[in-house]
Amino acid sequence: MEYRTVPSICPYCGCGCGVLLEVAEGRLIGVLPQKGHPVNDGKLCIKGWTCHEFVHSERRLTKPLIKEGEGFREASWEEALGLVASRLKEIKEKEGPSSIAFLCSAKCTNEENYLLQKFSRAVIGTNNIDHCARL
Amino acid sequence: MEPLKERVKELLEKGEIGGFLGYRGDLPYLFTRAEELDGLAVSPRRYPLPQILAKLQGLYPEGRFGLLVRGCDERSLIELIKNNKIQSERVVPLGVACDQELAERCGCERPYPTEVLLGEKVEGKEGWELLERLEAMDEEERFRFWMSQFAKCIKCYGCRNICPQCFCDTCALEEEDLIAGGTIPPEMPAFHLVRAFHMAGRCVDCGLCEEACPAGIPLRTLYKEVRRAVKDLFGYEPGLSVEEKEPFGYLGDGRYEVPERLK
Ligand code: SF4
Ligand code: SF4
């Protein structure tokens with residue numbers, strides 16, 4: 001038998017609410033708000049309350065998919081990233097850097113978001129960078 | 001802590017229980033080995049342990065569990081047993097009395113379970129202040145008060161999720177015909193009144209809902225009103241005994257008569 005609660009941070013927006021992930025037999029079975037946490041002290045929004053659900057979801061994407069025609073096919077990371085890189089290069093050369101935009105996410109860390117803007121400005125050469133919170 | 005630890009140790013070692021649901025530090029935890037019991041604590045941060053136990057009994061259909069119970073947990077446990085969400089033969093409750101500080105903070109009338117293994121029983125005092133203030137208002141003012149409270153709701157469902165007495169598989173609060181989807185605040189006052197009605201004969205006044213509400217809505221006061229109505233009409237107070245029939249257990253069979261004084 002196993003049941004424990006693991007303190008963590010809600011993966012959704014940038015607030016950083018404390019959650020307790022409920023674990024049984026190595027699987028997430030629920031989430032509770034973390035009491036006494038400096039950000040949310042035992043309260044959550046609806047996203048926080050359901051933030052465990054995607055982890056074991058059948059519908060979760062676990063492999064890169066490449067769009068072909070109307071559908072998608074599974075691909076390796078190498079192939080997928082290779083395709084992204086070559087298409088970005090191609091578009092930049094043909095249409096110019098400002099024809100490309102990047103969208104970062106509150107689900108990522110500060111560092112990852114920093115990297116994306118660096119990539120967008122320094123590597124591609126565009127200031128077209130925005131954030132999911134402004135969608 | 002010693003009497004509690006000793007008792008849990010004994011139960012685990014004799015194989016009478018497979019696990020003890022309590023707190024490790026501040027966090028809910030299932031102790032399955034005697035060696036772990038050093039970490040056993042009675043945190044003043046309350047989580048809905050009986051609700052978690054119901055989940056565990058479902059996950060481990062053969063498992064027998066010890067359960068840490070404060071006064072509020074015991075009341076929840078009793079209602080969950082009556083509603084067939086917990087099998088009483090598969091739970092061994094071990095009682096803890098709350099100290100004065102927590103009892104006062106919770107505004108708890110009965111801050112101890114029937115049998116106390118740890119702590120001293122202190123007298124509690126139920127917090128009725130807001131309800132009394134509301135009752136002094138005229139109807140319109142009172143309605144305005146509640147509507148302005150409900151307007152703050154962000155429909156997080158936290159009140160329902162944390163509530164040890166909310167256990168239905170399908171929830172009326174997610175019923176599109178009753179509460180239209182996609183709007184915040186949710187339909188007023190339907191959302192809150194539906195939940196209040198559903199707490200009739202169930203709410204044990206643990207206060208976890210109000211603690212979990214990010215909008216600071218005085219939910220417990222709303223449900224206190226319902227608790228009082230149920231007590232007036234049926235003489236029933238949820239969570240006091242496993243034997244006593246709850247109103248839903250006999251309504252409709254013709255046995256019930258509206259008390260004379262309320263006619
Ligand atoms: S006080 Fe709130 S959380 Fe506790 S039983 Fe009543 S409705 Fe549920
Ligand atoms: S916890 Fe508060 S904000 Fe969340 S749904 Fe309940 S009443 Fe609304």
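In what follows, chains are A, B, ... by sequence order, proteins preceding strands, each numbered from 1. Below, each value reflects all heavy atoms present in this structure, side chains not excepted, and no hydrogens, waters or symmetry copies.
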- Is there a side-chain contact between B:Y47 and A:T5, using heavy atoms and a 4.5 Å cut-off? no
- Distance only, no hydrogens: is a donor on one side chain within 3.5 Å (strictly under) of an acceptor on the other, for B:Y60 and A:E25? yes
- Message: Does B:E89 have more than 12 heavy atoms from other residues, nucleotides or ligands lying within 6.0 Å of its CD?
- Response: yes
- Part of B:L27 lying under 4.5 Å from any heavy atom of chain A: both
- In terms of heavy-atom proximity below 4.5 Å to chain A, should B:I52 be classed as side chain, backbone, both, or neither? side chain
- Task: Step through the shown structure and confirm whether more than 12 heavy atoms of other residues, nucleotides or ligands are within 6.0 Å of NZ on A:K107.
- Result: yes
- Region of A:L44 in contact with chain B, defined by heavy-atom distances below 4.5 Å: backbone
- Query: Passes salt bridge (Lys or Arg N to Asp or Glu O under 4.0 Å), A:K43 versus B:E211? Steps please.
  - Reply: CA-CA 8 Å; A:K43 298 143 182 38; B:E211 265 183 41; over 6 Å; no
- Item | chain B contact via A:E2 - which portion, at a heavy-atom distance below 4.5 Å | both
- Task: Please state whether the side chain, the backbone, both or neither of B:F31 comes within less than 4.5 Å of a heavy atom of chain A.
- Result: neither
- Item | Top contributor to chain B contacts, counting heavy-atom pairs under 4.5 Å, from A:N40, A:I46, A:L32 | A:I46
- Query: Of all heavy-atom pairs between B:L208 and A:K35, which one has the smallest distance, and what is that distance?
  - Reply: CD2-NZ, 3.6 Å
- Task: Calculate, to the nearest 0.5 Å, the distance between atoms CD1 and CE belonging to B:I17 and A:M1 respectively.
- Result: 9.0 Å
- Message: For the CD1 atom of B:I162 and the CH2 atom of A:W49, what is their distance to the nearest 0.5 Å?
- Response: 4.0 Å
- Scored by heavy-atom pairs under 4.5 Å with chain A, the best of B:I154, B:L59, B:N161 is B:N161
- Message: Are there over 12 heavy-atom neighbours, none belonging to A:F54, within less than 6.0 Å of that residue's CZ?
- Response: yes
- Query: Does A:K118 NZ have over 12 foreign heavy atoms under 6.0 Å away?
  - Reply: no
- Message: Report which part of B:K55 has an atom under 4.5 Å of a heavy atom belonging to chain A: side chain, backbone, both, or neither.
- Response: side chain
